[in-house]
Amino acid sequence: MTPSILERTAPAKTILCGEHSVVYGRPAIAVPVSTMRARASVLPGPKDSGLVIRALDLGRDFALRNVGQDQPLARMAHLVLESLGAPEPDAIMTLSSDLPVASGMGSGTAISVAAARALSAFLGSELPPEVISALAYEVEKIHHGTPSGIDNTVIAFEQPVYFVRGAPPEILRIHTPFHLLIANSGIAASTRDSVAEVRHRWETAPSYYNVIFDCIGAIAQAARAAVDQGALQALGVLFNENHELLARMGVSHFQLDRLTDAAREAGALGAKLTGSGQGGNIIALVDPDTVDAVRQALIAAGATATWHAEIGC
Ligand code: PMV
């Protein structure tokens with residue numbers, strides 16, 4: 001009999017407002033992008049093989065017993081086994097993803113959440129979202145030392161969240177769905193470096209950066225109300241203002257400014273960088289009728305890929 005393959009997935013995410021300042025305790029809003037997904041499948045392996053992890057996008061296969069826990073996927077596998085009190089199974093776990101890496105869409109977290117779901121399901125005890133989120137937070141610390149926790153939360157719960165570090169996440173109900181165009185600048189950027197640079201600047205001039213963080217926190221609060229009321233014009237203005245403040249914080253990039261300008265000129269209600277910046281993606285809030293025009297403008301301005309996401313449908 002052919003053994004059955006067990007598959008689990010996890011979504012991409014995008015931050016609507018509040019990246020970076022969320023690390024310093026201010027609120028932020030993030031939403032899952034459910035049409036883009038990371039996948040993990042597990043099937044039984046040969047006797048005494050232990051767990052073999054096949055990371056297709058990395059072009060790498062490795063046995064859990066041969067790698068240290070500084071490898072994020074190995075760390076997640078160990079965390080799942082510890083949580084369940086289960087011995088290492090003889091199994092093959094295969095991972096793949098639609099998400100661009102190093103772009104602010106949470107690719108590393110989505111892969112580790114999919115892996116945790118699939119491995120725990122294979123072991124007969126699927127872990128709940130809050131546990132998966134906590135495990136993914138531990139793994140994220142490998143990627144950058146001081147994660148706020150927003151990425152693991154939005155991806156593990158797969159719900160829009162209003163997030164304040166250290167507080168239980170609040171799930172947002174989106175009554176009026178809205179459309180985002182996500183555009184990749186083609187510039188790979190490291191979350192670790194960007195977060196470390198902001199920390200360094202904050203340490204050098206704390207009162208200046210605290211004011212920026214406070215302003216962005218106020219934007220996130222206003223954005224929450226705008227999302228709640230379906231006030232999309234207002235949400236667009238808040239995107240623009242958030243982008244300005246991120247640029248002042250030093251995490252924008254010439255190409256991100258170019259893409260956000262192009263989106264606005266082509267009729268987007270607002271646009272901003274999303275995630276840690278210095279490269280990666282921008283998001284543009286668009287009316288369904290302007291999706292094509294904004295997409296063309298983004299490509300003409302150098303976007304290497306675009307994705308259309310309907311949020312809250
Ligand atoms: O992983 P990214 O690029 O989406 O960045 C995460 C958001 C930050 O606020 C920059 C960092 C964090 O831990 O919240």
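Each residue takes its place number in the sequence, starting with 1. Just follow the structure's listing: the first ligand is 1, and inside any ligand the first atom is 1.
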Quick check on contacts: which atoms of ligand 1 are under 4.0 angstrom from a heavy atom of Glu19?
9 (O)

Atoms of ligand 1, numbered as shown, that sit under 4.0 Å from any heavy atom of Ile150
14 (O)

Thr9 side chain to Arg37 side chain, donor-acceptor N/O pair below 3.5 angstrom:
yes

Check: of Lys141, Glu140, His20, min heavy-atom distance to atom 9 (O) of ligand 1 comes from His20

If we number the atoms of ligand 1 from 1 as shown, the ones under 4.0 Å from a heavy atom of Thr191 are 1 (O), 2 (P), 3 (O), 5 (O)

Taking the minimum heavy-atom distance to atom 1 (O) of ligand 1, which of Val198, Asn281, Val22, Asp151 ranks first?
Asp151

Can you tell me how far apart CD1 (Ile182) and CE (Met105) are? Round to the nearest 0.5 Å.
3.5 Å

Using a heavy-atom cut-off of under 4.0 Å, does the side chain or the backbone of Thr109 touch ligand 1, or both, or neither?
neither

Could you check atom 14 (O) of ligand 1 against the protein and tell me its nearest heavy-atom contact, residue, atom and distance included?
Ser148 OG, 2.5 Å

Do me a favour and list the nearest non-hydrogen protein atom to atom 7 (C) of ligand 1 with residue, atom name and distance?
Ile15 CD1, 3.6 Å

Check Asp214 with Arg26, please: is the shortest side-chain N to carboxylate O separation under 4.0 Å?
yes

If we number the atoms of ligand 1 from 1 as shown, the ones under 4.0 Å from a heavy atom of Ser276 are 2 (P), 3 (O), 5 (O), 10 (C)

Heavy-atom donor-acceptor pair, Thr306 side chain to Ala183 backbone, under 3.5 Å
no

Whether Arg264 and Asp261 form a salt bridge (side-chain N of Lys/Arg under 4.0 Å from carboxylate O of Asp/Glu) is what I want to check.
yes

Note: Lys13, heavy atoms under 4.0 Å from ligand 1, region reported as side chain

Side chain, backbone, both or neither: the part of Thr274 lying under 4.0 Å from ligand 1 by heavy atom
neither

Close side-chain approach of Val291 and Leu181, heavy atoms under 4.5 Å:
yes

Close side-chain approach of Leu269 and Leu235, heavy atoms under 4.5 Å:
no

Heavy atoms, side chains only, cut-off 4.5 Å: are Phe213 and Trp202 in contact?
yes

